[in-house]
Amino acid sequence: MASKYDPQEAEPKWRQAWADAELFRAKTPLEAGGAPKAYVLEMFPYPSGRLHMGHVRNYAMGDVVARHKKAKGYNVLHPMGWDAFGMPAENAAMERGVHPGEWTYQNIAAMKAQFEKLGLSLDWSREFATCDPDYYGEQQRLFLKFMEKGLVYQKKAKVNWDPVDNTVLANEQVVDGKGWRSGAAVEQRELVQWFFRITDYAEDLLEEVQKLERWPEKVRTMQANWIGRSEGLQMRFEWASDEPDGYEDGVEIFTTRPDTLFGASFVALSPDHPLTIELAEGNSELQAFRAKCAQIGTSEADIEKAPKMGFDTGLKVQHSFTGQTLPVWIANFVLMGYGTGAIFACPAHDQRDFDFARKYDLPILPVVKPSDKDAAEGLWVRSGLGDDMDAAYTGPGVIMNSDFLDTLEIGPAKTAAIARIEELALGEGTTNYRLRDWGVSRQRYWGCPIPVVYCEECGIVPVPEADLPVKLPDDVSFQLPGNPLAHHPTWKHCTCPECGGPATRETDTLDTFNDSSWYFARFASVDDPAERAYWLPVDQYVGGVEHAVLHLLYARFFTRAMRDVGELDLPSGEPFAGLFTQGMVTHETYQSKDGKWLEPAAVERRGDEVVEITTGDPVEVGDIVKMSKSKKNVVDPDEIIATFGADTARWFVLSDSPPERDIEWTQAGAEGAARFVQRVWAVFDELPNTKPGAPEGKTDLRQASHKAVAAIDKAIEEFRFNAAIAEFYTWLNAIKKGAGESETNRYEAASMLARCLPPFMPHLAETCWARIGGVGFVSETAWPEIDAALTVDDTVTLPIQVNGKRRAEIAVSKTASKDEIEQIAMAAPDLQSHIEGKMPKKIIVVPGRIVNIVV
RNA sequence: GCCUCUCUGGCGGAAUUGGUAGACGCGACGGAUUCAAAAUCCGUUUCUGGCAACAGAGUGCCGGUUCGAGUCCGGCGAGAGGCACCA
């Protein structure tokens, strides 16, 4: 009777042994000799205190890559740390009176203990938390470097205010008009804030993201859309009426449709345009209008439904080409933050302008005529005057009613219009970006203090490097609303580093996305630039797609900024050469009759029904969605590990679904994975504990093994872990089938299997390796060599099609010529009834693939 | 509205240069073992017809290219994600 493999006994033992041997410590370049480096990184976790299945999947994937690279001879860096600043710690402080630091470090300890149970090949020697003063002190130094270089500035700006977290949010952190963390409707407030000039890098960030071939197309597109480059014309309209003070030259507008200039019927300013503000002084009607716009603007979610609103200033400008006068309106749909905050409107070819023109009875002048084909398809109903139009026409066509632009297609017309405006010295072709500067000030305690002081004499003064880090005070109160740093009785008072007079500290802290924007460089080395240059960029980064435009954009900016202030030797500026975004772990949801969510552990399947265990009441099975506390559809990794072992948990989250897609956690699936563990062990359990001799022959088992190793290798390289796992199953089935083969061949198969398993089930792999007398740890044993000759078959089975339908099969030698194959095929007995003596018109022979007979 | 992606058995999914559709796993069914059950092992499992050999249909829908299409092209539909008054 075969013995049973006990993960609970084996797993802790191996983890201790790996730790004692410092198996996963990254080597220095010198120690590594000529070995190539591989920096494998998963997005570091926020220390919430509990590991969830999503973490398990994320880190299991990274570990596959790290362990595989190690087996392939790379010098691997696979570190781990903690993204430790953030609101939850402050919330805990408010709710339970525990200090955020204490709460955070306790969570880190608890989570680390859970992490260690997974058997990941992590180099813990490089561990840090972003709330370590060491770390954020260095971040403050970088901030000051950026400031020196002019990459940081302060301005009063309308910002997104989260009324629940009581802090400002960056544009990237506002999702559907709501705070990304709190879910509260975001308001607009005017505040003085620190900004990073991420827009300085807009062009480079856009251009380079397209070149990141080992990034998912989806993420590249999302970043490109976010940066939002658009080419157009910036020009000014000169006054046809009195010139307002400071605007003697006219009104600057931006447009991407200079081809429709002849269709202009008015110019519109943003309610927040400086000219609007100037005009509003002493104009109560306009003040009321601005207030009304601002009201709607308070909730971004409302903007979508907001009606078009306008205010006629009474001012007139002159059309640059026709000399006509156009009225200047203030329109609520014009945004101050994009372009110049002013537009010219062509209602016939822009829906917003169209809606506005209809509401305020402004002219609609069509200037783009669709081709006959487009017109026939109803894209354009009537030509002539726009009064007949039901909507703006934004499709392709030919310019009309436009003097020198007539008959040109839209593209050439744009070029011609820009050229003419440039000749007239009224403007020039420009490029605009949707991306805006990154507002980094947060009115929170648990973050990196911004290292500047305000002096009445000297103004804004950077904290000298010698005085860094500017540490957070420990004695803070969370009883008052708002920023605890601002409430602190003494902390903010200091002396000015320049004049020695009284000064106050900046009480805002940095957006926590700063912390995660360079942590990978810190992992590479605490302070040695050469070591950082050696490891960076990260070769394989793994994390959730939710960071597609947040973290992943900020980090790309940070590495560029660090490079440009001489802090990082990374010519490309790209921190992550390869990126993989993994799917979520989902689970069925359960609701009792009274609508309460039930935990998976509280229900069980009885026949076709799902019932509550305690009461036996039927339970409604709901959607399969991401595991979340609110729906209680969570499975605790600790419990799974206690039941099945870490290997089973890792195996299951990698099996079945492709890594980029969501995977549904099911009890049955986990049991299947656990079954596999025992079946693998059974193979090893009956083998000798020393190598019985050299394997021999080109047998089915040997072929299966050598093919499997090649297939698993390829699948891992291609990030198709589910396919790799399927190969393991197929291989194991072949091993069972090959039970009658010689012991030497069976030993070879098992030995190869043990060496392929560590990326997926490292503990089982070690146990199996030890069982058959393997030398050292299999975790640092090379990936098995394969004999290429064993991966090709001598004979192949070819399907034979008649008119594309499969009718027969023949076995032919691998080396058979086309003619030989054709002869054998034509003689196949199963085939005759389908040919019925007809002469084939054509016979297609693809050696090694297929034969198709056309009759 | 714009952009991107997805659509294959009861389920997750294979088939990655156009070449045997359904690998592998889950579930289900049948059998062995057992006093019985669990566990384990062995088999069957795309659908329709047929005792069977076999035949027909089949990768969201319609059409095209090709000796041959899940794969390529055109159109349509459904779902997911991202962006969204960005001129």
Side-chain angles (χ1 to χ4, degrees), chain A residues 1-2 4 175-177 216-226 228-230 232-233 253-257 260 268 270 300 303-308 331-335 337-346 349-353 355-356 394 432-436 545-546 548-549 624 651-652 655-658 660-664 666-673 675-676 678-679 682 714 718 720 722-733 736 797-809 830 833 840-846 848-855:
Chain A
M1 193 61 193
K4 223 180 155 205
V175 180
D176 288 338
E217 187 62 47
K218 183 183 172 183
V219 175
R220 292 195 273 166
T221 311
M222 281 167 70
Q223 289 216 356
N225 290 344
W226 188 264
R229 180 192 154 104
S230 55
L233 167 68
I253 63 100
F254 174 75
T255 181
T256 56
R257 291 299 301 272
T260 63
S270 164
E300 292 210 4
I303 285 177
E304 197 180 340
K305 295 156 213 148
K308 297 282 177 290
N332 66 330
F333 68 91
V334 181
L335 305 175
Y338 186 77
T340 61
I343 61 159
F344 91 83
C346 174
H349 304 293
D350 181 286
Q351 191 58 43
R352 293 155 303 182
D353 298 349
D355 295 342
F356 193 89
T394 55
N432 251 297
Y433 299 91
R434 217 184 63 102
L435 182 71
R436 278 172 257 171
V545 73
E546 66 273 19
V549 284
I624 298 162
W651 183 260
F652 178 72
S655 65
D656 285 357
S657 284
E660 67 276 15
R661 273 195 231 171
D662 292 351
I663 186 167
E664 187 196 353
T666 61
Q667 184 71 12
E671 283 164 8
R675 218 160 20 236
F676 177 77
Q678 296 302 334
R679 289 173 63 205
K714 186 161 181 273
E718 292 171 355
R720 298 166 60 240
N722 59 322
I725 282 177
E727 288 296 338
F728 274 108
Y729 278 111
T730 310
W731 188 8
L732 189 68
N733 291 341
K736 303 212 91 175
T797 306
L798 293 187
I800 302 175
Q801 298 181 333
V802 177
N803 294 335
K805 283 195 192 299
R806 183 180 159 279
R807 296 298 182 187
E809 263 180 18
D830 293 347
S833 64
K841 287 189 195 124
K842 198 172 176 185
I843 299 175
I844 293 114
V845 177
V846 186
R849 288 283 190 193
I850 205 163
V851 179
N852 192 10
I853 300 165
V854 187
V855 293

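For the numbers below, each heavy atom of this structure counts, side chains included, while hydrogens, waters and symmetry mates do not. Throughout, protein chains are lettered first and strands after them, A, B, ... in sequence-line order, and every chain is numbered starting at 1.
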- Which value, in whole Å, describes the distance between the C1' atoms of nucleotides B:C72 and B:A23? 24 Å
- Item | Rounded P spacing from B:U16 to B:C54 in Å | 27 Å
- Per the atom types in the model, does the base of B:C67 pair as donor or acceptor with the side chain of A:N852 at under 3.5 Å? yes
- Note on the structure: Mate of B:G43 across any strand shown (Watson-Crick or G-U wobble, both atom pairs under 3.5 Å) is B:C29
- Residues A:R679, A:N733; criterion side chain to side chain contact (heavy atoms under 4.5 Å, CB included); working and verdict: CA-CA 10 Å; A:R679 289 173 63 205; A:N733 291 341; 2.9 Å; yes
- Query: For B:A14, does either OP1 or OP2 sit under 4.0 Å from a side-chain N or O belonging to A:N722?
  - Reply: yes
- Task: Could you please name the partner base of B:C7, counting Watson-Crick and G-U wobble pairs only when both distances are under 3.5 Å?
- Result: B:G77
- Query: Does some side-chain heavy atom of A:D353 sit less than 4.5 Å from a side-chain heavy atom of A:F344?
  - Reply: no
- Task: Apply side chain to side chain contact (heavy atoms under 4.5 Å, CB included) to A:Y338 and A:S270, showing your working.
- Result: CA-CA 10 Å; A:Y338 186 77; A:S270 164; over 6 Å; no
- Query: How far does the C1' atom of B:G31 sit from the matching atom of B:A78, given to the nearest Å?
  - Reply: 43 Å
- Query: Is any side-chain N or O of A:R675 closer than 4.0 Å to OP1 or OP2 of B:A39?
  - Reply: no
- Task: Could you check if the base of B:G9 is syn or anti? Syn means the glycosidic torsion is within 90 degrees of 0.
- Result: syn
- Below 4.0 Å: OP1/OP2 of B:G13 and any side-chain N or O of A:R661: yes
- Distance in angstrom units between A:W226 CH2 and B:U4 P, rounded: 18 Å
- Counting only Watson-Crick or G-U wobble pairs whose two distances fall under 3.5 Å, which nucleotide matches B:A37? none
- Message: Roughly how many Å apart are B:G75 and B:U71, using the P atom of each and rounding to a whole number?
- Response: 16 Å
- Query: Any side-chain N or O of A:R806 less than 4.0 Å from the OP1 or OP2 oxygen of B:G19?
  - Reply: no
- Message: Quick one: does any side-chain atom of A:N332 pair with a main-chain N or O of A:P307 as donor and acceptor, under 3.5 Å?
- Response: yes
- Does the side chain of A:Y338 get closer than 4.0 angstrom to OP1 or OP2 of B:A87 through an N or O atom? yes
- Options B:G12, B:U16, B:U20, nucleotide nearest the side-chain atoms of A:K714: B:U16
- Item | Side-chain heavy-atom pair A:V845, A:V851 within 4.5 angstrom cut-off | yes
- Message: Suppose we define a pair by two distances each less than 3.5 Å, Watson-Crick or G-U wobble; what does B:G1 pair with here?
- Response: B:C83
- Task: Can you tell me, in whole Å, how much space there is between the P of B:U8 and that of B:U45?
- Result: 22 Å
- Message: Can you see if the side chain of A:R807 gets near the phosphate of B:G56 - specifically, an N or O under 4.0 Å from OP1 or OP2?
- Response: yes
- Looking at the side chain of A:T256, which of B:U6, B:C3, B:A87 is the nearest nucleotide? B:A87
- Task: Ignoring the backbone of A:R849, work out which of B:U20, B:U17, B:C85 is nearest its side chain.
- Result: B:U17
- Message: When both hydrogen-bonding distances must be under 3.5 Å and the geometry is Watson-Crick or G-U wobble, what is B:G18 paired with, if anything?
- Response: none
- Would you indicate, yes or no, if B:A57 has its OP1 or OP2 atom less than 4.0 angstrom from a side-chain nitrogen or oxygen of A:K805? yes
- Consider the side chain of A:T221, meaning its heavy atoms from C-beta on, and name the nucleotide among B:G82, B:C24, B:U4 that approaches it most closely. B:U4
- Check every atom of B:C67, B:C26, B:C85 against the side chain of A:V854 and return the nucleotide holding the closest atom. B:C67
- From the options B:G25, B:C85, B:A87, select the nucleotide whose nearest atom is closest to the side chain of A:N332. B:C85
- Any-strand Watson-Crick or G-U partner of B:A23, both distances under 3.5 Å: none
- Among B:U4, B:G25, B:C83, the one nearest A:R434 by side-chain distance: B:C83
- Any donor-acceptor pair under 3.5 Å joining the side chain of A:K308 to the base of B:C85? yes
- Message: On the nucleotide B:C5, are OP1 or OP2 found under 4.0 Å from the side-chain N or O atoms that A:K218 carries?
- Response: no
- Message: Counting only side-chain nitrogens and oxygens, does A:S230 get under 4.0 Å of the OP1 or OP2 atom of B:A87?
- Response: yes
- Between B:A57 and B:A32, how far apart are the C1' atoms? Round to whole Å, please. 37 Å
- d(CG, A:L435; P, B:G82) in whole Å: 19 Å
- Task: For the side chain of A:R679, starting at C-beta, report the closest nucleotide among B:G19, B:C41, B:A87.
- Result: B:C41
- Item | Side chain of A:T255 - closest among B:A87, B:U20, B:C67 | B:A87
- Fit a plane to each ring of A:W651 and A:F676, take the angle between them on a 0 to 90° scale, and name the class: parallel (under 30°), tilted (30 to 60°) or perpendicular (over 60°). parallel
- Item | Complement of B:C51, any strand, by Watson-Crick or G-U distances under 3.5 angstrom | none
- Task: Among B:G27, B:G68, B:G12, find the nucleotide with the atom closest to the side chain of A:Q801.
- Result: B:G68
- Task: Write down the distance separating the P atoms in B:G13 and B:G60, rounded off to the nearest Å.
- Result: 14 Å
- Using the C1' atom on both, measure B:G1 against B:U17 and round to a whole Å. 38 Å
- Task: Give none if B:G68 has no partner; otherwise give the nucleotide forming a Watson-Crick or G-U wobble pair with it, both distances under 3.5 Å.
- Result: none
